[in-house]
Protein chains: 2
Amino acid sequence: MKKNSELIPSMIKDQRLIEQRRAQIIEGAVRLFVEKGFHKTTTREIARECGLSIGTMYEYIQSKEDVLYLVCEYIHSELEDRLRRVVAEEDQGAVSLSKGLKQLFRVMEEMRPLVLLIYQETKSLPKDKMKYVLRKEEEITGIFERILQKGMEDGTIQIDPSSVKLMAHNIIVIGQMWTFRHWAVGKHYGLEEFTERQMSLLLGDLTTGGKTDGKTSAT
Amino acid sequence: MKKNSELIPSMIKDQRLIEQRRAQIIEGAVRLFVEKGFHKTTTREIARECGLSIGTMYEYIQSKEDVLYLVCEYIHSELEDRLRRVVAEEDQGAVSLSKGLKQLFRVMEEMRPLVLLIYQETKSLPKDKMKYVLRKEEEITGIFERILQKGMEDGTIQIDPSSVKLMAHNIIVIGQMWTFRHWAVGKHYGLEEFTERQMSLLLGDLTTGGKTDGKTSAT
DNA sequence: ATTGTTCTACCGAGCGTTCGTTCACATCGC
DNA sequence: GCGATGTGAACGAACGCTCGGTAGAACAAT
């Protein structure tokens with residue numbers, strides 16, 4: 001797992017210590033950011049929550065926004081990790097897509113508050129850091145882009161090649177919708193029903209013979 | 001058009017004046033919020049931008065958050081207005097849906113910065129005000145819900161009745177995606193191509209007689 | 001018409017507070 | 001004893017909001 005946290009300078013020499021303390025900081029900050037948001041959380045609170053003094057914390061970061069970046073990076077890494085975990089080389093495209101979607105919705109539920117956090121606070125990052133976060137977001141979208149591509153090539157998914165990227169974005173956004181529209185969607189659908197219905201809406205006109213489950217029927 | 005701005009008390013007696021000044025405030029605030037976000041905009045800046053003194057401005061609102069609420073209400077009203085404008089009673093469901101989608105994407109482009117604003121700052125509203133904003137969001141979703149419903153009844157749209165609400169949310173979210181993922185989607189698709197491809201992806205398995213030039217699969 | 005009174009809208013310096021960040025000093029490990 | 005790490009009181013700037021006051025319109029009494 002490539003880390004970009006090296007972008008953030010520290011006064012401390014011991015690299016091991018940096019990683020350990022920053023993990024502390026992330027853990028505390030996540031709790032507070034989820035609860036009250038980035039702007040309403042003070043640096044003093046973060047320090048208290050992660051068991052460091054305010055002075056010590058500032059030896060490991062340079063600004064409050066650095067904490068936000070660390071948090072975003074952590075969440076995105078976790079997300080990407082869990083999503084990649086289910087894509088198997090040997091599966092056909094349609095099967096990968098089906099597995100991928102199920103996993104997507106599962107992960108969105110597991111990490112609901114965290115995804116919502118990224119979603120709402122990314123915009124508070126300084127421009128230069130935001131660049132990296134958005135790139136990560138595109139990488140995650142790329143996972144589904146490749147699945148669709150593969151399905152196109154092995155004939156298990158029908159889709160206009162120029163719509164592949166768009167469809168990948170649709171998939172991610174509909175996954176994220178489970179977090180940022182949960183106030184409305186969650187009132188009418190449980191995760192299982194949401195998953196089933198979305199899969200049938202999304203796969204409906206993409207997969208060849210199949211209904212909702214990723215059956216394959218070569219032409 | 002029902003206004004909820006009456007929820008916000010004012011020191012001023014003249015109702016006409018209240019409306020006029022608040023319109024000023026909204027206009028100035030929108031410009032600033034779009035440019036630098038809610039948190040980074042100060043009350044002094046808003047006052048200066050809308051041509052009132054800080055003291056006078058506070059005669060028409062009670063807090064900075066009130067300004068955010070006024071702005072959100074304004075944007076939502078404008079949105080709802082423009083979307084309702086194209087739904088005609090006499091149209092069949094599928095036709096309404098097609099018109100509605102085109103209009104949705106058009107409006108999202110026209111109001112891109114404003115929709116993005118609502119999207120990013122709603123969470124900064126106090127709980128009691130947020131309730132009204134979220135309700136409005138559901139009402140807007142309801143527009144497409146009713147279109148789908150009608151299409152189901154007149155047989156021009158095939159969809160599981162229990163998926164109607166979900167599909168309506170999907171439509172809205174995919175429309176909003178044009179604003180909040182424009183940094184990625186806009187790199188690869190113009191508005192026209194985005195509209196066409198989304199319509200074909202969305203209508204693909206819903207409409208009976210092949211619309212949208214795409215592929216037709218009668219019966 | 002003139003004067004006095006009242007009421008409404010407008011103004012902006014200033015209050016009290018909070019926040020992110022720093023730095024002089026303390027402590028620890030070798 | 002010396003460099004690396006930890007500490008928290010203190011700083012200065014910024015912010016949301018208030019409040020004492022002014023201007024002038026409206027009306028009343030003279």
Side-chain angles (χ1 to χ4, degrees), chain A residues 5 8-29 32-33 35-72 121 124-129, chain B residues 5 8-29 32-33 35-72 121 124-129:
Chain A
S5 13
I8 299 175
S10 168
M11 294 286 97
I12 302 299
K13 319 276 172 169
D14 184 347
Q15 199 58 37
R16 285 260 304 280
L17 199 51
I18 293 185
E19 289 204 18
Q20 180 199 318
R21 292 270 186 263
R22 284 190 175 167
Q24 273 179 264
I25 295 175
I26 291 170
E27 197 196 317
L32 291 168
F33 290 173
E35 187 192 344
K36 17 185 340 197
F38 172 69
H39 282 104
K40 291 191 175 165
T41 302
T42 69
T43 51
R44 275 168 254 260
E45 286 175 308
I46 300 172
R48 193 182 333 125
E49 187 78 14
C50 67
L52 300 175
S53 76
I54 180 67
T56 302
M57 190 174 83
Y58 265 89
E59 302 277 338
Y60 294 90
I61 56 167
Q62 299 214 100
S63 72
K64 190 187 171 191
E65 282 165 345
D66 282 353
V67 179
L68 182 57
Y69 177 71
L70 287 175
V71 164
C72 285
E121 307 290 10
S124 302
L125 284 169
K127 284 265 179 308
D128 57 325
K129 305 269 172 31
Chain B
S5 13
I8 299 176
S10 168
M11 293 287 98
I12 303 299
K13 317 276 170 165
D14 184 345
Q15 200 58 38
R16 285 260 302 282
L17 199 51
I18 294 185
E19 288 203 20
Q20 181 198 317
R21 291 272 184 264
R22 284 191 176 165
Q24 275 179 261
I25 295 175
I26 290 170
E27 197 196 318
L32 291 168
F33 290 174
E35 187 192 343
K36 14 184 343 194
F38 172 70
H39 286 288
K40 291 191 175 166
T41 302
T42 69
T43 52
R44 275 169 253 258
E45 285 175 309
I46 299 172
R48 194 183 330 129
E49 187 78 12
C50 67
L52 301 175
S53 75
I54 180 71
T56 301
M57 188 173 83
Y58 266 90
E59 301 277 340
Y60 295 91
I61 56 166
Q62 301 214 100
S63 70
K64 189 187 171 190
E65 281 164 345
D66 283 352
V67 179
L68 182 57
Y69 177 70
L70 287 176
V71 164
C72 285
E121 306 291 9
S124 301
L125 285 168
K127 283 268 179 303
D128 57 327
K129 305 270 174 27

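For clarity, every value in this text was computed on a predicted model and none was experimentally measured. Labels below follow one simple rule: chain letters A, B, ... track the order of the sequence lines, proteins then strands, and each chain is numbered from 1.
Listed nucleotides: dT21(C), dC10(C), dA4(D). Nearest to the side chain of Lys64(A): dT21(C). Nearest nucleotide to the Asp14(B) side chain, out of dG20(C), dA9(C), dG16(D): dA9(C).
Non-hydrogen atoms lying under 4.0 Å from DNA chain D are contributed by Ile54(B), Tyr58(B), all within residues 48-59 of chain B.
Between the CG atom of Leu68(A) and the P atom of dG20(C) there is a distance of 13 Å, given to the nearest Å. Taking atom CD of Gln15(B) as the reference point, atom P of dT8(C) lies 14 Å away to the nearest angstrom. Put simply, CG on Leu17(B) is 10 Å from C1' on dC10(C), counting in whole angstrom units. In this entry the distance linking NE2 of His39(B) with C1' of dC19(C) reads 14 Å, nearest Å. The separation between Met11(A) atom CE and dT5(D) atom P is 11 Å, rounded to whole Å. Atom CZ of Arg44(A) and atom P of dT22(C) are 13 Å apart (whole Å). Separating the CZ atom of Phe38(B) from the P atom of dC15(D) is a distance of 13 Å, rounded to the nearest angstrom. Taking atom OH of residue Tyr60(A) and atom P of nucleotide dA4(D), one finds them 13 Å apart after rounding to whole Å.
Nearest heavy atom pair, residue Gly37(B) against residue Glu121(B), reads CA-OE2, 3.6 Å. For Lys129(A) against Leu125(A), the heavy-atom pair with the smallest separation is CB-CD2, 4.4 Å.
Proximity of Phe33(A) to Val67(A): side-chain heavy atoms (C-beta onward) are separated by under 4.5 Å at one or more points.
Residue Thr43(A) places at least one side-chain N or O closer than 4.0 Å to OP1 or OP2 of dG20(C).
Between Thr41(A) and Lys13(B), the residue anchored nearer the 5' end of DNA chain C, judged by the nucleotide with its closest heavy atom, is Lys13(B).
Environment of NZ in Lys36(A): crowded, with over 12 heavy atoms of neighbouring residues, nucleotides or ligands closer than 6.0 Å.
At a threshold of 4.0 Å, the pair Arg21(B)-Glu59(B) does not count as salt-bridged, since none of the basic side-chain nitrogens sits closer than that to a carboxylate oxygen.
Side chain of Glu65(B) to backbone of Pro126(B): no donor-acceptor contact under 3.5 angstrom is found. Proximity of a side-chain donor or acceptor of Lys64(A) to a complementary backbone N or O of Phe38(A) within less than 3.5 Å is detected.
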